[in-house]
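So the structure is just underneath, and the comments pick up after that.
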Amino acid sequence: MCGIVGYIGTKNATDVLIDGLRKLEYRGYDSAGIAVVDSGKIAVRKAKGRLDDLEACMQKTGVPKGNCGIGHTRWATHGEPSDVNSHPHSCKRVTLVHNGIIENYIQLKEELVNDGYVFLSETDTETVAVMLEKLYKGDSIKAIDELCKKMRGSYALGIIFSDRPEEIYAIRKDSPLIVGLCEDESFIASDIPAVLKYTNRYYLIEENEIAVLNKSGVCVVDREGKKIEKSVFEAKWDIEAAEKGGYPHFMIKEINEEPKALKNTISPHIENGMPVIPVSELGDERLAALNKIHIVACGTAMHAGLIGKSAIEELARIPVEVSIASEFRYVNPIINKDDLVIIISQSGETADTLAALRLAKKSGAYTLAVVNVVGSSIAREADGAWFTWAGPEIAVASTKAFSVQCAIMYMLALRLSFAKGTLSEDEVKEKTAELMSIPDVVEKVIEQIDPACRELACQNFSTTDLFFIGRGMDYSLSVEGSLKLKEISYIHSEAYAAGELKHGTISLVTDGVPVVAIATQKPLFEKMISNIKEVKARGAMVTLVCRETAEVSNDVYDNIVKMPEISDLFMPLLLAAFIQLFAYYTSVERGCDVDKPRNLAKSVTVE
Ligand code: AGP
């Protein structure tokens with residue numbers, strides 16, 4: 001996820017662009033850049049790092065002066081953060097900024113290289129600029145129309161043509177884009193915050209619409225160039241709320257971004273209905289030869305590793321050992337050089353996880369990083385990297401990153417099962433098709449269970465203790481649910497393997513003790529009901545999380561949250577929404593600082 005802005009009017013464009021990018025830095029902040037029409041020529045300034053680094057760069061190279069320009073703050077997906085990979089990207093007459101993922105950029109790039117075009121960056125965006133330059137024969141709308149026919153994926157583009165220096169063109173598909181409207185100036189932006197200082201009036205640009213901004217105003221046309229009448233919207237948000245997209249906290253915004261984050265993470269790695277690992281060294285031959293996999297991470301990332309263990313062992317029958325990075329480092333781990341070591345980290349900077357990676361590399365085993373930040377230390381130092389495309393995760397509590405980490409675990413497990421021959425191609429395709437349908441199911445679940453989670457939070461926010469119990473992957477989600485609740489609501493919580501209760505911990509269950517029982521795994525459901533009856537008999541207040549088809553008498557539970565019918569395998573992706581929403585609303589009820597809980601940091605870069 002990146003942030004794009006554009007401006008044309010009477011003000012100094014550089015000031016307006018930088019100001020707008022500052023409001024969008026939550027969307028991405030590993031590099032930034034602007035392009036301003038200065039004395040009739042497009043002046044581009046861009047740099048790796050934060051906006052301050054861009055401003056420092058402009059102090060050295062000159063601050064562009066003009067009234068028309070575009071800007072970008074980057075969340076790297078293709079090509080690590082660097083000056084050359086920063087936006088804007090140019091090719092001869094075309095300069096543009098992009099938010100989104102062009103899924104077929106490799107094919108387009110091959111076509112352009114064959115045409116003799118030279119590329120400077122590793123980005124998908126540069127391919128868009130070069131393709132538009134190739135297609136542009138003087139008719140800007142026609143060239144943009146042809147460009148849209150060639151691109152597959154998501155995009156919001158701000159474009160300036162050097163032979164049309166007083167115009168900005170904007171188009172979108174899947175990525176957000178608004179056009180800010182003022183008396184004698186207009187704007188484009190990925191999100192309202194970038195323009196609220198100047199105007200709260202805007203157009204929402206729809207797919208297949210092209211916005212053309214010039215000094216006399218904004219004209220929106222269709223792909224044939226026919227004018228379209230647009231409704232004017234008025235933003236009611238204040239700036240603070242707007243940076244959260246209208247949500248009260250980043251955490252709830254990021255939970256609601258999960259469906260899109262899952263789609264962005266899954267769809268680029270599915271070819272002909274099969275998951276494809278984006279690391280050439282892990283071809284099917286090498287996967288087939290694997291005898292052991294280690295997964296190493298911290299906190300929530302480690303819990304995603306637990307889901308990976310269940311999926312890989314069930315589907316591919318390869319033993320998987322999941323380790324807490326801070327333990328792994330000091331137990332002299334037994335790693336064979338033909339093992340695979342998977343390092344999971346949202347930030348890619350967690351000190352213990354980075355140290356564990358370095359230790360693993362000494363063993364000679366292949367190290368695969370599953371990270372959300374391109375260019376992060378773990379991404380750079382691992383032998384290979386598989387990026388989650390969740391976009392920036394601002395809230396300290398990891399939510400969408402957990403979901404997309406699980407999604408990559410599933411794709412890896414499915415490819416491994418194909419390579420190992422434990423599943424046929426048809427069986428893999430069938431499960432892959434279901435995985436691809438999950439983002440839409442998650443979207444429905446978030447909407448459906450939201451009221452129940454609010455109600456549960458109201459019932460439980462004053463408790464001092466709360467237990468999660470489950471079996472199999474439901475136990476893994478119990479562990480993650482307990483962490484989520486603890487870290488943002490400060491309620492003491494524990495997760496127990498339900499079968500373990502009678503070995504000691506059930507002594508803690510007395511009248512009114514809340515127990516969240518997660519029971520979605522079909523083969524274990526009856527066992528779970530027995531365990532629930534054990535705690536119910538001792539006075540527990542039971543919240544049962546189960547399938548909507550589960551047959552259970554209502555004297556077994558006090559509250560029930562139902563999940564739609566999907567395979568056991570992928571149920572964690574739905575349950576993640578439940579545990580996250582429950583923790584979120586409980587934290588809100590308790591008046592905690594949801595996005596920045598006490599004592600915690602988003603990235604634990606110290607041991
Ligand atoms: C997540 O809710 C926690 N804030 C924390 O456990 C986190 O998952 C852990 O610190 C690992 O971070 P990483 O994924 O950036 O390596």
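All values derive from a computational prediction rather than experimental measurement. Both ligands and their constituent atoms are indexed starting at 1 by order of listing. No hydrogens, no waters, no symmetry mates; every other heavy atom, side chains included, goes into these values.
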So, [X] and [Y]: side-chain donor and acceptor under 3.5 Å apart, yes or no?
X    : Y    : answer
N559 : Q459 : yes
T463 : N460 : no
S376 : E349 : no

Does an N or O anywhere in [X] fall below 3.5 Å from an N or O of ligand 1?
X    : answer
E487 : yes
Q405 : no
E480 : no
L483 : no

Do R598 and Y490 meet the cation-pi criteria used here (NZ or CZ under 6.0 Å from the six-membered ring centre, within 45° of the axis)?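 Satisfied, under 6.0 Å and within 45°.
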Using a 4.0 Å cut-off to any heavy atom of [X], which atoms of ligand 1 qualify?
X    : answer
A397 : 2 (O)
A301 : 8 (O), 14 (O)
S398 : 1 (C), 2 (O)
T300 : 1 (C), 2 (O), 6 (O), 8 (O)

With heavy atoms only and a cut-off of under 4.0 Å, state how E349 meets ligand 1: side chain, backbone, both or neither.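 Neither; nothing of E349 gets under 4.0 Å from ligand 1.
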E281 bridged to R286 by N-O distance under 4.0 Å: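 Salt bridge flag = no for R286 with E281.
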